[in-house]
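Worksheet: one structure, shown below.
Heavy atoms only: backbone and side chains are in, while hydrogens, waters and symmetry mates are out. Because the structure is a prediction, the values reported are computed rather than measured.
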Amino acid sequence: MWKRRERKPLTVDTDHMKVLHHEALEQLDLMRTALEAAAAATGTMRDVLDVMVENHWHAYLDAVHMISMHDEALATIMKKPSLDNEVNKYAECRFTGNRNLLLLLMAALSRRHQRFSYLWTVRSSPMSAYYQESMTMEREHIAELISLVETMI
């Protein structure tokens, strides 16, 4: 007779998670650099830099996808309905006029990923309950920030 086995909790490789968050940070930094350059450029150069910004955003989303494959809680939060309907009313154009806001949102995303890298290093400390709650909040904030940036790009 077939006996059903209980699922064992999956252990997360913290070093791998740090690498994935570092890759997300790298993509955000490259995106920020291209966006700042595009703000100072005109014509065809601005168009090329805007395409670079979009490419780095998609590479960032790929890194987030890899993170969510290992972090089930983030994957669950990312699947929740987003703020798209409310934000789309205010996102009139792609980058025009919103470059500063986009830079600030990218800085916020970078800070969240830095915080995650830190939280993965201190997981087994006496404050682990606090860190678990903090990680939940950071996951929700990352999902909301991604939703906001996605509507602008």
Exercise. Looking only at heavy atoms, which two atoms of W57 and I146 are closest? And how far apart?
Worked result: CZ2-O, 3.9 Å
Problem set entry | Shared hydrophobic cluster, M52 / Y60 (ILVMFWY, side-chain heavy atoms < 4.5 Å) | no
Problem set entry | Gap between atom CD of Q114 and atom CG of L109 - 0.5 Å precision | 11.0 Å
Problem set entry | Closest contact, heavy atoms only, A75 versus S68 | CB-O, 3.5 Å
Problem set entry | Atom CE of M45: over 12 foreign heavy atoms under 6.0 Å | no
Problem set entry | Atom NE2 of H58 with >12 non-hydrogen neighbours under 6.0 angstrom | yes
Problem set entry | Taking every non-hydrogen atom, the tightest pair across S134 and R115 | OG-NH2, 2.9 Å
For this session: State, yes or no, whether a side-chain contact exists between T33 and H56 at a heavy-atom distance under 4.5 Å.
Result: no
Problem set entry | Validation row: E140, T136 side chains within 4.5 angstrom (heavy atoms) | yes
Exercise. If we only count heavy atoms from C-beta on, is the H113 to I67 side-chain gap below 4.5 Å?
Worked result: yes
Problem set entry | Hphob cluster co-occupancy, V48 + L35, side-chain heavy atoms under 4.5 angstrom | no
Problem set entry | ILVMFWY cluster, L49 and L101 together (side-chain gap under 4.5 Å) | no
Exercise. When hydrophobic residues are tied together by side-chain contacts of less than 4.5 Å, even through go-betweens, does L28 share a cluster with L30?
Worked result: no
Exercise. At their closest point, which heavy atom of L102 faces which heavy atom of V149, and how far apart are they?
Worked result: CD1-CG1, 3.6 Å
Exercise. Say you draw a straight line from CD of E36 to CG of L103; how long is it, rounded to the nearest 0.5 Å?
Worked result: 5.5 Å
Exercise. What distance separates E26 CD from H21 NE2, expressed to the nearest 0.5 Å?
Worked result: 14.5 Å
Exercise. So how far is it from M152 CE to M106 CE, rounded to the nearest 0.5 Å?
Worked result: 10.0 Å
Exercise. Stepwise, does the side-chain contact (heavy atoms from CB on, under 4.5 Å) test hold for E138 with I77?
Worked result: CA-CA 11 Å; E138 297 300 334; I77 290 172; over 6 Å; no
Problem set entry | Donor-acceptor side-chain pairing of T76 and R139 below 3.5 angstrom | no
Problem set entry | Transitive ILVMFWY side-chain link M78 to M69, under 4.5 Å | yes
For this session: Could you pull out the closest heavy-atom pair between A59 and Q27, with the gap in Å?
Result: CB-OE1, 3.2 Å
Seminar exercise, completed: Shortest non-hydrogen pair, S110 vs L25, comes out as O-CD2, 3.2 Å
